[in-house]
Amino acid sequence: MKFVTFNPFRTIGMANIQYVKPEHMFQEREKIIAADVCLFPENWQVNALVYGMKKPIFPSIQSIQMGHNKIEVTRALWSVCPEHVPFTLILGRNPENIEKVLSTFTFPFVAKEYRSSMGRGVFLIQSAEEFYEYAEQNPYFYVQEYLPIERDLRICVIGDDVVAAYWRQSDHQFKNNVAQGGEIFFNDVPEEAITLVKKVAADLGIDHAGFDIALVNDHFYFLEFNTLFGNQGLHMLDVPIVKRIEAYVKKRYHQES
């Protein structure tokens with residue numbers, strides 16, 4: 001099979017592959033048309049690739065479009081597993097909604113920028129003044145109940161399987177992201193969490209994502225999932241990431257041809 005990649009760092013070592021800069025997609029249209037599968041397009045490219053050029057893509061269109069921002073992630077999770085989503089309000093900015101948030105949540109609560117990753121754009125709101133500051137900077141409110149956790153789970157899906165699962169823990173802040181200083185632990189990962197992620201990923205058509213899950217009072221809550229997730233835990237486990245991607249893509253699209 002022939003591949004085009006729009007993200008060479010995610011496909012290092014893959015055979016029969018050409019790199020096209022996302023912004024050069026239309027100038028290098030012939031390379032794309034000649035490819036069997038296009039890998040790691042950006043969200044803005046998806047409609048042209050899938051509906052215009054009729055190209056298979058990886059990650060799946062569901063993975064890219066749902067994983068593009070936290071609002072779409074939460075709406076998708078509400079559709080298949082609402083009991084596993086923390087209480088969340090998604091609102092446009094106006095004075096009435098500011099008051100709605102402050103009258104609904106007790107402090108502290110969590111407010112997020114709807115397009116962010118690696119722990120950036122996530123705020124622990126402990127006063128009305130802090131929420132006003134957040135509101136000034138965000139046209140949409142993504143506000144969530146605070147879950148009292150000391151660690152969370154990162155469960156990584158490639159293709160139709162979970163390829164890594166581990167705890168992330170930080171002693172200094174409520175964010176456990178490795179990019180924010182969290183540490184990785186591989187012991188005692190609950191099998192029930194892995195089973196839940198596999199089911200939700202299959203239900204939504206997600207074939208490349210890192211799911212973040214909290215365990216509170218023996219109940220699992222999805223915090224979010226990210227299509228372009230950090231690879232630190234996979235590297236520590238020696239997961240052959242690119243080979244897993246290549247094997248899955250070949251299997252998937254050979255079956256459909």
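Index from 1, following the sequence.
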Peer 1: Any chance the rings of Tyr166 and Phe185 have centres within less than 6.0 Å?
Peer 2: no
Peer 1: As an exercise, state the distance from CE of Met53 to CZ of Arg29, rounded to the nearest 0.5 Å.
Peer 2: 5.0 Å
Peer 1: Determine whether Ile158 and Ile184 fall in the same hydrophobic cluster, where Ile, Leu, Val, Met, Phe, Trp and Tyr are linked whenever their side-chain heavy atoms lie under 4.5 Å apart.
Peer 2: yes
Peer 1: Starting from the C-alpha separation in whole Å, work towards a yes-or-no answer on side chain to side chain contact (heavy atoms under 4.5 Å, CB included) for Phe225 and Asp212.
Peer 2: CA-CA 6 Å; Phe225 63 78; Asp212 296 341; over 6 Å; no
Peer 1: For Lys100, what residues pass the side-chain hydrogen bond (donor to acceptor under 3.5 Å, both in side chains) criterion, not counting sequence neighbours?
Peer 2: none
Peer 1: Could you tell me the separation between the CG atom of Leu204 and the SG atom of Cys81, rounded to the nearest 0.5 Å?
Peer 2: 7.5 Å
Peer 1: Decide if atom CZ of Arg93 counts as having more than 12 heavy atoms of other residues, nucleotides or ligands within a radius under 6.0 Å.
Peer 2: yes
Peer 1: Decide whether Ile12 and Leu237 are clustered together by the hydrophobic rule: side chain heavy atoms of Ile, Leu, Val, Met, Phe, Trp, Tyr closer than 4.5 Å, transitively.
Peer 2: no
Peer 1: Count I, L, V, M, F, W, Y as connected when their side-chain heavy atoms are under 4.5 Å apart, and connections chain through other members. Are Trp44 and Ile71 then in the same cluster?
Peer 2: no
Peer 1: Taking Asp36 first and then Lys2, would you say they form a salt bridge - that is, a charged N and a carboxylate O separated by under 4.0 Å?
Peer 2: no
Peer 1: Taking all non-hydrogen atoms of both residues into account, name the closest pair between Ala135 and Ile98 and its distance.
Peer 2: CB-CD1, 4.1 Å
Peer 1: Check the pair Val110 / Phe123 against side chain to side chain contact (heavy atoms under 4.5 Å, CB included), numbers first and verdict last.
Peer 2: CA-CA 6 Å; Val110 176; Phe123 309 100; over 6 Å; no
Peer 1: Show the nearest heavy-atom pair for residues Leu215 and Ile149, with the distance to one decimal.
Peer 2: O-CG2, 4.1 Å
Peer 1: Only one of Thr88, Leu223, Val200, Asp203 forms a side chain to side chain contact (heavy atoms under 4.5 Å, CB included) with Leu77, so which one is it?
Peer 2: Val200
Peer 1: For residues Leu124 and Gln126, determine if any side-chain heavy atom of one lies less than 4.5 Å from a side-chain heavy atom of the other.
Peer 2: yes
Peer 1: Using only heavy-atom distances, determine whether the side chains of Glu246 and Tyr248 contain a donor-acceptor pair under 3.5 Å.
Peer 2: no
Peer 1: Check the angle between the aromatic planes of His84 and Phe222 and answer parallel, tilted or perpendicular using the 30° and 60° thresholds.
Peer 2: perpendicular
Peer 1: If I compare all heavy atoms of Ala201 with all of Phe211, which pair ends up nearest, and what's the gap?
Peer 2: CB-CZ, 4.0 Å
Peer 1: Hey, could you give me the CG/CD distance between Leu196 and Glu192, rounded to the nearest 0.5 Å?
Peer 2: 10.0 Å
Peer 1: Could you tell me whether the side chain of Asn69 and the main chain of Glu72 form a donor-acceptor pair under 3.5 Å?
Peer 2: yes
Peer 1: Just how far is it from atom CZ of Phe6 to atom CD of Glu28, taken to the nearest 0.5 Å?
Peer 2: 9.0 Å
Peer 1: Can Leu228 be reached from Phe3 by stepping across I, L, V, M, F, W or Y side chains whose heavy atoms are under 4.5 Å apart?
Peer 2: yes
Peer 1: Counting only heavy atoms from other residues, nucleotides and ligands, does the tally under 6.0 Å from CG of Asn217 exceed 12?
Peer 2: no
Peer 1: Test Ile194 against every option in Val162, Val157, Leu153 by the side chain to side chain contact (heavy atoms under 4.5 Å, CB included) rule and name the one that passes.
Peer 2: Val162
Peer 1: Under a 4.5 Å cut-off applied to non-hydrogen side-chain atoms, are Glu133 and Asn138 in contact?
Peer 2: no
Peer 1: Any non-hydrogen side-chain atom of Ile213 less than 4.5 Å from a side-chain atom of Ile155?
Peer 2: yes
Peer 1: Looking only at atom types and distance, does a side-chain atom of Lys55 sit under 3.5 Å from a main-chain N or O of Ile33, one as donor and one as acceptor?
Peer 2: yes
Peer 1: Do Asn97 and Leu89 have side chains that get closer than 4.5 Å, going by heavy atoms?
Peer 2: no
Peer 1: Please work out whether the ring planes of Tyr221 and His219 are parallel, tilted or perpendicular, with thresholds of 30° and 60°.
Peer 2: perpendicular
Peer 1: Is there a side-chain contact between Val37 and Arg252, using heavy atoms and a 4.5 Å cut-off?
Peer 2: no
Peer 1: With rounding to the nearest 0.5 angstrom, report the NZ to CZ distance, Lys70 to Arg75.
Peer 2: 14.5 Å
Peer 1: Do you reckon Met25 sits in the same ILVMFWY cluster as Tyr51, going by side-chain contacts under 4.5 Å, direct or chained?
Peer 2: yes
Peer 1: Indicate, with yes or no, if the rings of Tyr146 and Phe109 have centres closer together than 6.0 Å.
Peer 2: no
Peer 1: Between Asp161 and Lys198, is there a side-chain heavy-atom distance shorter than 4.5 Å?
Peer 2: yes
Peer 1: So Glu113 and Tyr142, do their side chains get closer than 4.5 Å, heavy atoms only?
Peer 2: no
Peer 1: Students often mix this up, so state it plainly: with edges at 30° and 60°, are the rings of Phe141 and Tyr134 parallel, tilted or perpendicular?
Peer 2: tilted
Peer 1: Test side chain to side chain contact (heavy atoms under 4.5 Å, CB included) on Ile17 and Leu39 and set out the steps.
Peer 2: CA-CA 9 Å; Ile17 194 163; Leu39 306 173; 3.8 Å; yes
Peer 1: Stepwise, does the side chain to side chain contact (heavy atoms under 4.5 Å, CB included) test hold for Ile57 with Phe40?
Peer 2: CA-CA 7 Å; Ile57 63 172; Phe40 293 101; over 6 Å; no
Peer 1: If we count only N and O atoms by modelled type, under 3.5 Å, do the side chains of Trp167 and Gln169 hold a donor and an acceptor together?
Peer 2: no
Peer 1: Below 6.0 angstrom between ring centroids: does that apply to Phe131 and Phe105?
Peer 2: no
Peer 1: Of all the heavy-atom pairs spanning Arg154 and Gly210, show the shortest one and how long it is.
Peer 2: CD-CA, 3.7 Å
Peer 1: Side chains of Tyr19 and Thr11: any donor to acceptor distance under 3.5 Å?
Peer 2: no
Peer 1: So which heavy atom on Ser63 is nearest to which on Gly205, and how close?
Peer 2: OG-O, 3.9 Å
Peer 1: Which heavy-atom pair separates Phe220 from Pro190 by the least distance, and what is that distance?
Peer 2: CZ-CB, 3.8 Å
Peer 1: Nearest 0.5 Å, please: how far is CD1 in Ile206 from CD1 in Ile61?
Peer 2: 11.0 Å
Peer 1: Counting heavy atoms not belonging to Glu83, are there more than 12 under 6.0 Å from its CD?
Peer 2: yes
Peer 1: Within the 4.5 Å heavy-atom criterion, are Thr227 and Pro59 side-chain neighbours or not?
Peer 2: yes
